[in-house]
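One structure is given below, encoded as structure tokens.
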Amino acid sequence: MFQLHYQTIRPLTTAHLAQTMTLLSLTSEELRQQIESELASNPALELVEERRCPMCHRLLPPRGVCPVCSRPSNEASPEEPIVFVSPRDDFYTHGDRTADDYPDEGVSTIADDLPTYVLRQVAPELGSEQRKIAAYLLTHLDEDGLLTTSLIEVARYFHKPLSSVEAIQKIIQHAEPVGVGSTSPQEALLVQLEVLSESRFVPGLAEKLIREAMDQLSRHQYAEMARMFGVSQTQVQQVVRFISENLYPFPGRSHWGDVRQPANEALEVYRQPDVIISYMDNDPKNPLIVEVILPLAGTLRINPLFRGAIQQASDEKKDAWKSDLERASLFVKCMQQRNHTMLRLMQRLVGLQRSYITHGEKHLIPFTRAQLSRELEVHESTISRAVSNKTVQLPNRRIIPLSSFFDRSLNVRTVLREMIASESTPLSDSELAEMLAEKGFSVARRTVAKYRAMEGILPAHLRDISSVRA
DNA sequence: CTATGGCACGGATT
DNA sequence: AATCCGTGCCATAG
């Protein structure tokens with residue numbers, strides 16, 4: 001509401017427009033590279049030194065005040081999220097901690113390695129003693145994300161009871177990628193299964209297979225497994241399919257067996273979020289804090305000395321410098337424009353989808369990019385660019401793609417999941433379709449089948465047997 | 001005969 | 001213009 005007046009003042013040149021568009025579609029990571037190269041090649045641009053808020057230690061814009069701590073409490077409705085651009089070079093998941101709280105951290109590397117990535121997730125939950133143990137555990141991961149030491153050794157090394165090390169391992173295992181820090185593929189699978197079962201239906205047979213028939217499972221001995229558990233071979237195959245589609249034994253890789261994992265997928269997992277949403281003071285009653293990440297320890301501006309210097313420069317230099325100056329000012333404007341758009345976007349989105357963020361997928365309101373573009377009075381493609389390839393970290397530390405805010409069917413799928421999870425006798429797709437219609441979601445029978453498939457839920461006739469039998 | 005999955009079409013979305 | 005998504009129709013499995 002404050003920093004936005006420039007917006008329509010100056011006629012937008014095509015260059016301006018084009019560059020803003022480009023910047024908008026960049027993720028925080030790419031943005032940082034862009035800024036750095038611009039900074040290196042243009043003397044007129046400078047990065048002003050960081051200032052931190054004395055209260056919460058956030059990085060501040062050059063003249064601004066802290067948007068969180070200085071927020072006027074009287075006109076504050078807890079519904080309205082606090083949205084602001086947050087320059088931060090640290091990227092730690094909670095703004096109220098400083099880099100000093102984290103051991104062994106180098107300067108912010110953008111593409112984290114696995115241990116760093118995990119440590120950042122778990123650090124906020126741990127005391128400094130525990131953090132040391134966590135860091136130690138994480139330095140003993142192999143490339144598959146599995147532990148190379150035994151917990152007992154670690155406990156001995158730190159002179160701690162085994163149980164306390166186990167507790168820390170458990171926290172690590174529940175971080176992304178789920179199952180990391182397990183001592184075996186089997187353990188990793190079990191953790192993933194447990195996590196998965198919180199949100200979806202999982203066949204009861206799956207756990208038994210992993211727990212008791214790991215050998216046969218990895219050798220695809222369906223007949224053998226069917227015999228062991230007294231079920232049909234097709235059932236085993238279905239469950240194995242479920243396992244191979246939803247679980248992965250080597251958390252460090254993203255999928256089964258193959259080492260040739262595509263680079264982009266790895267990037268997807270380890271990427272820093274572009275937006276971080278959290279509760280103020282970590283209290284769910286407080287308003288949401290939405291930080292649009294600006295991956296720098298300071299703020300960009302045009303070097304005021306450069307302006308002066310230009311006057312005294314010799315003629316031949318003058319021209320070159322002038323163009324530098326123009327480029328720099330264009331760049332700064334584009335950055336502002338980008339941030340401005342991101343802010344408006346998130347403001348609206350978080351305001352609308354608050355219950356999705358706080359109460360889960362069931363409460364996602366179906367919303368399209370087109371609608372949003374109309375409300376914000378920008379072109380549809382602007383929204384598309386701003387949304388694509390970006391990720392958001394929710395208060396529960398999950399990192400999800402920003403595009404999931406526009407998932408047309410996520411809420412229906414979630415309700416469907418719950419219905420199936422709480423069914424007493426397995427319901428057929430057409431029955432499910434009817435029930436959904438009663439709840440206000442009218443979807444075709446065929447669509448129910450598709451949603452089921454998306455959620456990895458088995459068809460009715462295979463559902464009951466495996467879970468009842470357990 | 002019923003429940004599901006495959007294919008393909010048309011409209012919406014990007 | 002390209003892509004995604006919900007749906008209807010039909011073949012197939014149980």
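Chain A is the first sequence line, chain B the second, and so forth, proteins listed ahead of strands; every chain is numbered from 1.
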Would you mind telling me which of C/dG6, B/dT14, C/dC9 lies closest to the side-chain atoms of A/R446?
->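 Looking only at side-chain atoms, A/R446 lies closest to C/dC9.
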Which nucleotide, B/dG5, C/dT7, B/dT14, lies nearest any side-chain atom of A/R452?
->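 Nucleotide nearest to A/R452's side chain: B/dG5.
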Rounded off to whole Å, could you give me the [atom1]-to-[atom2] distance for the [X] and [N] pair?
X      : N      : atom1 : atom2 : value
A/K450 : C/dG6  : NZ    : P     : 9 Å
A/L427 : B/dT2  : CG    : P     : 18 Å
A/R445 : B/dG5  : CZ    : P     : 8 Å
A/L372 : B/dA12 : CG    : P     : 20 Å
A/D407 : B/dT13 : CG    : P     : 13 Å
A/L436 : C/dG6  : CG    : P     : 13 Å
A/R408 : B/dA12 : CZ    : C1'   : 6 Å
A/E380 : C/dA2  : CD    : P     : 18 Å

Neighbour count above 12 (heavy atom, 6.0 Å) for A/E375 CD =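 Yes, enclosed.
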Could you give the distance from CZ (A/R374) to CZ (A/R369), rounded to the nearest 0.5 Å?
->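 Going from CZ on A/R374 over to CZ on A/R369, the span is 13.5 Å.
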Under the 3.5 angstrom rule, does the side chain of A/S404 hit a backbone N or O of A/I400 as a donor-acceptor pair?
->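 Pair absent, no side-chain N/O of A/S404 close to backbone of A/I400.
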Compare side-chain N and O positions of [X] against OP1 and OP2 of [N] and report whether any pair is under 4.0 Å apart.
X      : N      : value
A/Y451 : C/dC5  : no
A/T447 : C/dT7  : yes
A/R369 : B/dA12 : no
A/T368 : B/dA12 : no

Does the side chain of A/N389 come under 3.5 Å of the side chain of A/T27 through a donor N or O and an acceptor N or O?
->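 Result is no, nothing qualifies.
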Taking the six-membered ring for Trp, is the centroid-to-centroid distance between A/F405 and A/Y356 below 6.0 Å?
->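 That pair passes the under 6.0 Å test.
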Sugar-phosphate only, base, or nothing, as touched by A/S409 at under 4.0 Å among non-hydrogen atoms |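 Sugar-phosphate: the residue A/S409, judged by heavy atoms under 4.0 Å, touches backbone atoms but no base.
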